[in-house]
Protein chains: 2
Amino acid sequence: MNVETALQRLKEKGYKRTKQRERMLKIFSGQDQYIAAKEILKEFQGYFPSVSYDTIYRNLYMLTEVDILESTELGGEKHFRLSCDTDGHHHHFICTDCGKTKSIAFCPMENVHENLKGYDIENHKFEIYGKCPQCH
Amino acid sequence: MNVETALQRLKEKGYKRTKQRERMLKIFSGQDQYIAAKEILKEFQGYFPSVSYDTIYRNLYMLTEVDILESTELGGEKHFRLSCDTDGHHHHFICTDCGKTKSIAFCPMENVHENLKGYDIENHKFEIYGKCPQCH
DNA sequence: TCTCAAGATAATAATCATTACGATTTAAAA
DNA sequence: TTTTAAATCGTAATGATTATTATCTTGAGA
């Protein structure tokens, strides 16, 4: 997803367009990797020296809520990346060195439904961790 | 895995048999669900009122290290359960209500290797979340 | 059985990510 | 421009986890 689309979606949902949100989206754009709240803080230093974590977390969660970002838990920290919802449902290989991701088209859920009759499936997580070719 | 097997493995690895470790294993035994450190603390209150988190975390990690426990991250907290290594490699459905788990024999990794040539795969996570038949 | 050193535990404090909240500022609608 | 709800800032609190150090326990050998 690009910044323009994201800003438009924000407007549709009734959220205000703030410098912080624009900057946050710029940080995410073009990066196919998950980043954590503290990295946003670091990037913000030059622009909003007095930004608070409250602003960062509130916006990260809000942006996730409206499907502009997607999130996962890596090493005990929540990480975020721009949603790649245009590509349809998919999963990621995540490099444990540089954090870059690669899409995996395959979703294992179709293979397990028959084993889970009577279970109410709400969500699932399929992630592969390792070293990407550049870090390997 | 049962308590006896676990205690034997502990001994083989050169770890001492302590009341706390026995109690910890008893807590885990017979429960096919993931539990967090604080729940161990709660269970310990009656036996070791002055137990510290240090003891709990050190042992949880040590027991995981020697493959007596297996761990996962749920909602920002590390959770542990007795290893079911006798059943071979598998994944879990995890009830978001009661925490109980159900084994899923299927592993999606065989389906994705061809898409990850040049990548060094270290690990993977496949978990399904929802409500089990009892909680549904 | 008794001794003792390595290993464990307890008590406490520190760290780190995350969340909360009153005061102040700002975006954008009227 | 004025208004006002929303957003941000500054700061503090919370909760999980890790670190430190002093004290105690286990288990192997005398």
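Here is the naming used below: chain letters follow the sequence lines, and residue numbers restart at 1 for every chain.
Whole-Å rounding puts the B:Lys42 NZ to D:dA16 P distance at 12 Å. What separates CD1 of B:Ile35 from C1' of D:dA16 is a distance of 16 Å, to the nearest Å. The OH-C1' distance, from A:Tyr57 to D:dT8, rounds to 17 Å in whole Å. The distance from atom CD of B:Glu22 to atom P of D:dT25 is 16 Å, rounded to the nearest whole Å. Summarising the geometry, the separation between CD1 on B:Ile40 and P on D:dA16 is reported as 14 Å, rounded to the nearest angstrom. Atom NZ of B:Lys11 and atom C1' of D:dT26 are 11 Å apart (whole Å). As rounded to whole Å, 23 Å separates atom P of D:dT26 from atom NZ of B:Lys13. For the pair B:Lys38 NZ and D:dT14 P, the interatomic distance rounds to 15 Å; values are reported in whole Å.
Ion pairing of B:Lys38 with B:Glu77 is present here, as a side-chain N (NZ or NE/NH1/NH2) and a carboxylate O approach within less than 4.0 Å.
Contact footprint of chain B on DNA chain C: nucleotides with an atom under 4.0 Å from a non-hydrogen protein atom, first to last in 5' to 3' order, C:dA6 to C:dA11.
Here A:Ser50 does not reach the OP1 or OP2 of D:dT8: none of its side-chain N or O atoms lies under 4.0 Å away. Residue A:Gln20 places at least one side-chain N or O closer than 4.0 Å to OP1 or OP2 of D:dC9. For the pair B:Lys78 and D:dT18, the criterion of a side-chain N or O lying under 4.0 Å from OP1 or OP2 is met. Distances shorter than 4.0 Å separate none of the side-chain N or O atoms of A:Thr55 from OP1 or OP2 on D:dA7.
Contacts of B:Arg17 with the nucleic acid, taken as non-hydrogen atoms under 4.0 Å apart, involve only primed sugar atoms and P, OP1 or OP2. Base engagement by A:Ser52 is indicated by at least one non-hydrogen atom pair under 4.0 Å involving a base atom. Within the nucleic acid shown, B:Tyr53 comes within 4.0 Å of at least one base atom, counting heavy atoms only. Nucleic acid contact for A:Arg58: base, since at least one base atom lies under 4.0 Å from a heavy atom of the residue. Within 4.0 Å of B:Phe44, counting heavy atoms only, lies no atom of the nucleic acid at all.
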Check your understanding: For B:His79 and B:Ile94, what are the C-alpha separation, side-chain angles and deciding distance, and is it a side-chain contact (heavy atoms from CB on, under 4.5 Å)?
Key -> CA-CA 12 Å; B:His79 284 65; B:Ile94 302 170; over 6 Å; no
Exercise for review: For B:Asn59 and B:Tyr15, run side-chain contact (heavy atoms from CB on, under 4.5 Å): C-alpha distance rounded to whole Å, both residues' side-chain angles, the deciding distance at 0.1 Å, then the answer.
Suggested key: CA-CA 10 Å; B:Asn59 284 318; B:Tyr15 291 103; over 6 Å; no
Point to revise | Derivation and outcome, side-chain contact (heavy atoms from CB on, under 4.5 Å), residues A:Leu82 and A:Gln31 | key: CA-CA 8 Å; A:Leu82 270 188; A:Gln31 299 205 258; over 6 Å; no
Exercise for review: Check the pair B:Tyr129 / A:Lys125 against side-chain hydrogen bond (donor to acceptor under 3.5 Å, both in side chains), numbers first and verdict last.
Suggested key: CA-CA 8 Å; B:Tyr129 314 102; A:Lys125 182 169 191 170; 5.4 Å; no
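Comparing B:Thr18 and B:Ala37 by the nucleotide of DNA chain D whose heavy atom lies nearest to each, the residue mapping closer to the 5' end is B:Ala37. Of the two residues near DNA chain D, B:Tyr15 and B:Ala36, the one whose nearest nucleotide lies more 5' is B:Ala36.
The side chain of A:Asp54 lies closest to D:dC9, out of D:dT17, D:dT26, D:dC9. Here the side chain of B:Tyr61 is nearest to one of D:dC9, D:dA5, D:dT18, namely D:dT18.
Around OH of A:Tyr53, the count of heavy atoms belonging to other residues, nucleotides or ligands within 6.0 Å exceeds 12.
Between B:Phe80 and B:Tyr61, the angle of the ring planes lies from 30° to 60°, which puts this pair in the tilted group.
For B:Lys78 and B:Tyr57, the side-chain atoms include no donor-acceptor pair closer than 3.5 Å.
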